[in-house]
Amino acid sequence: MKSPRAVGWAIAATVAVVATAGAASLTQAPAATSAAPYAIPATSVPAGHATFTVLLDGPAARDGVVSAIEAAGGHLLRENTAVGALVVDAPPAGFVERVAAVEGVFGATPAQVVGTAGSAPATPRAGAALTLPAAAGPKGLDPLDTRLWGLSMIRADAARAVQPGDRRVLVGIVDTGIDGSQPDLAPNLDKGLSRNFVTDIPTDPSGAQLDGPCEFDGCVDPADHDGGGHGTHVAGTVAAAANGSGVSGVAPNVTLVNLRAGQDAGLFFLQPVVDALTYGADIGVDVMNMSFYVDPWRYNCIDNPADPPAARIEQRTTVEAINRALEYAHAKGVTLVGSLGNENEDLGHPRQDTSSPNYPSGSDYARPVDNATCSDLPVEGPHVIGVSAVGPTGEKADYSNYGVEQISVAAPGGNGDLGGNQDMILSTYPKSILQQEGDVDAAGEITRKGTAGGVQKVCGADPAAGCGYYAYLQGTSMAAPHVTGVAALVVSRRGVPDPHHPGGLTMDPDAVERALTGSAHETACPVAAPPTAPCEGPANFNGYYGNGIVDAKAALEQPAG
């Protein structure tokens, strides 16, 4: 689906009011927590108020809009000047429609879920638990790398001899967090630059568990904590260290930055996503991985007649805010990589949406979606490299979205419906989440359930580093980080010193994208594509594979330009 692009804001609003913790575009009112400077602790919103994002038409409108919000009983909590977003609390009844009518306001939306990180459902998995010593595997790879068929498919193992990644390259993981205690991730995670932009929500409005009990003061997790597991899995595929233990990533020597925008439950709010994108751009992140999609609306539509007025305002606001943030990041030199989603749907020919809004639960209704005015975000936003998923023989994964409008390249995402866990993607996973799910016991041993699910455990030679845990997942969420890793290798090889961030590298994101698409392994449509998922286009560009399956070695050999 094509999404309208924001015009001019990223250029007009690059100067911040206050520089806070290295992020020139984020300001706070009145106070911040040390663990997550831009999260709003649950206690800071008055009883009877709700939190909203109010999007300005332009910087000049700011003071007048703030005055109007205060006159209506609301309060400014903080703002993101890069995209013109005010985070406010106010009495909720009718606020979206009232504030949208204020001069200088583009629109508003409640601070509710705008994204879901997740993997495609899998058939029951069979596999044996494994505890291995720290000895390196063949070709200098790590012990479990023999199970990473994705590394071989995209020739990341061969590319490592040419370029294993440069520490000066920063890769931002916009996800549920990164477990900084995971021994394969700890060496590469920059905790100082990492940020958590979310506040845990124990229950949803109906009282049903959402994130569950808060583990830390103020319901704000530390910046090196992952309460969901998804982000840690993604991070491992990108840049798990080649340290002779566990697994290694596509780009094992680059630096990871946790840009946490997802709740423990795998849901994403609009403002944390926007803040993660603009903060990452401000600190000099080179590549960002976005393995999530927009909720509560599966598709955000500009003016869908099937939606009530407030819902139309909310969706228009979400589209504009995300597009402004993507434009801002791209202008700052960030290569943006996104997953296409797991509904086996051609994004250029969407089916009826029957699942929106999916938050709060029970509020969904059937509605038509129009390809010209509805967007699956962020992957259908500007400058995003859209990635589909393939299985171990190169087949399009049964679940993977596709379509010539949005796809750029394909990458390994797993297809476990065919072969079980060995056809999925193995990567790093938090021990704490595996224990919550009953896959690992209190003593750190893999349970019968974990064994059946293919959970792995590797203990290295250094007892202080602890043991690493690994799990199988599948989805376009797993495909995108393969591409992100290759993009990081390209920047490592061809990047130049970043004049705005001394000690860093930079590279034009359009040139990075050309290196990825120009070197991808061309893959033709299958001879007999299922009628429910027709494959359109020739071998050099089609709806299943785009420009082809990404190829790390060929990308490094691609001529510059």
Side-chain angles (χ1 to χ4, degrees), residues 1-2 118-123 125 147-156 158 237 250 291 293 337-351 371 376 379-380 384-426 472-483 486 513 516-555:
M1 300 205 151
K2 297 176 181 177
S119 306
T123 53
R125 296 170 288 176
R147 300 175 179 231
L148 305 188
W149 54 268
L151 283 184
S152 299
M153 174 178 282
I154 68 170
R155 298 206 294 169
T237 295
V250 174
S291 289
Y293 61 90
V337 180
S339 57
L340 281 178
N342 302 329
E343 292 75 39
N344 189 30
E345 182 163 80
D346 184 339
L347 293 180
H349 303 283
R351 300 184 289 262
N371 186 51
D376 179 357
V379 74
E380 293 194 287
V384 179
I385 299 170
V387 184
S388 69
V390 301
T393 65
E395 78 283 3
K396 184 189 88 69
D398 293 341
Y399 55 80
S400 180
N401 286 353
Y402 58 98
V404 293
E405 278 193 7
Q406 303 306 328
I407 194 170
S408 300
V409 291
N415 204 12
D417 288 347
L418 296 181
N421 68 331
Q422 65 266 27
D423 286 351
M424 297 184 190
I425 304 300
L426 181 67
Y472 286 95
L473 296 177
Q474 65 175 2
T476 57
S477 286
M478 284 65 250
H482 284 86
V483 177
V486 177
E513 181 173 4
L516 296 175
T517 58
S519 62
H521 181 70
E522 290 184 4
T523 307
C525 289
V527 175
T532 55
C535 183
E536 302 174 343
N540 63 349
F541 188 84
N542 57 69
Y544 273 18
Y545 303 101
N547 291 277
I549 298 174
V550 71
D551 187 322
K553 189 169 186 297

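Note that the structure is predicted; figures quoted are calculated from it, not measured.
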Practice problem: With rounding to the nearest 0.5 Å, note down the distance linking CD1 in I407 to NZ in K396. | Solution: 9.0 Å
Quiz item: If we ignore angles and hydrogens, is there a donor and acceptor under 3.5 Å between the side chains of T476 and N342?
Solution: yes
Quiz item: Regarding E405 and N371, is there a side-chain donor-to-acceptor distance under 3.5 Å anywhere?
Solution: yes
Practice problem: Look at the side chain of N547 and the backbone N and O of F541, then say whether any donor-acceptor pair between them is shorter than 3.5 Å. | Solution: no
Quiz item: Which heavy atom of P350 sits nearest a heavy atom of G348, and at what distance?
Solution: CD-C, 3.5 Å
Practice problem: Would you confirm whether S400, through its side chain, and A389, through its main-chain N or O, come within 3.5 Å as a donor-acceptor pair? | Solution: yes
Quiz item: For I549, which of V409, T523, V483 qualifies under side chain to side chain contact (heavy atoms under 4.5 Å, CB included)?
Solution: T523
Self-check item: Shortest non-hydrogen contact from V250 toward A156
Solution: CG1-CB, 4.0 Å
Quiz item: Does a side-chain heavy-atom distance below 4.5 Å link V550 with L516?
Solution: yes
Self-check item: Where C535 and G543 come nearest, the two heavy atoms and their spacing
Solution: SG-N, 4.5 Å
Quiz prompt | Side-chain heavy-atom pair V390, N415 within 4.5 angstrom cut-off | solution = no
Quiz item: Can you find a heavy atom in the side chain of V384 that is under 4.5 Å from one in the side chain of Q406?
Solution: no
Exercise. Verify the distance criterion only: is there a donor paired with an acceptor across the side chains of N540 and E522 at less than 3.5 Å?
Key: no
Self-check item: For the student: nearest non-hydrogen atoms of A555 and V486, plus distance
Solution: CB-CG1, 3.8 Å
Practice problem: To the nearest 0.5 Å, tell me how far M153 CE sits from H482 NE2. | Solution: 9.0 Å
Self-check item: OG on S477 to CD1 on I425, rounded to 0.5 Å
Solution: 11.5 Å
Quiz item: Which atom pair, heavy atoms only, marks the closest approach of E343 to R351?
Solution: O-NH2, 3.0 Å
Self-check item: Side-chain heavy atoms of L426 within contact of Y472, under 4.5 Å
Solution: yes
Practice problem: To the nearest 0.5 Å, tell me how far Y399 OH sits from S388 OG. | Solution: 9.5 Å
Quiz item: Which distance, rounded to the nearest 0.5 Å, do you find between the CD1 of I154 and the OG of S519?
Solution: 10.5 Å
Quiz item: In Å, rounded to the nearest 0.5 Å, how long is the span from CH2 of W149 to CG of D423?
Solution: 7.0 Å
Practice problem: Over all heavy atoms of both residues, which pair between A158 and K553 is shortest? Give the atoms and the distance, please. | Solution: CB-CD, 3.7 Å
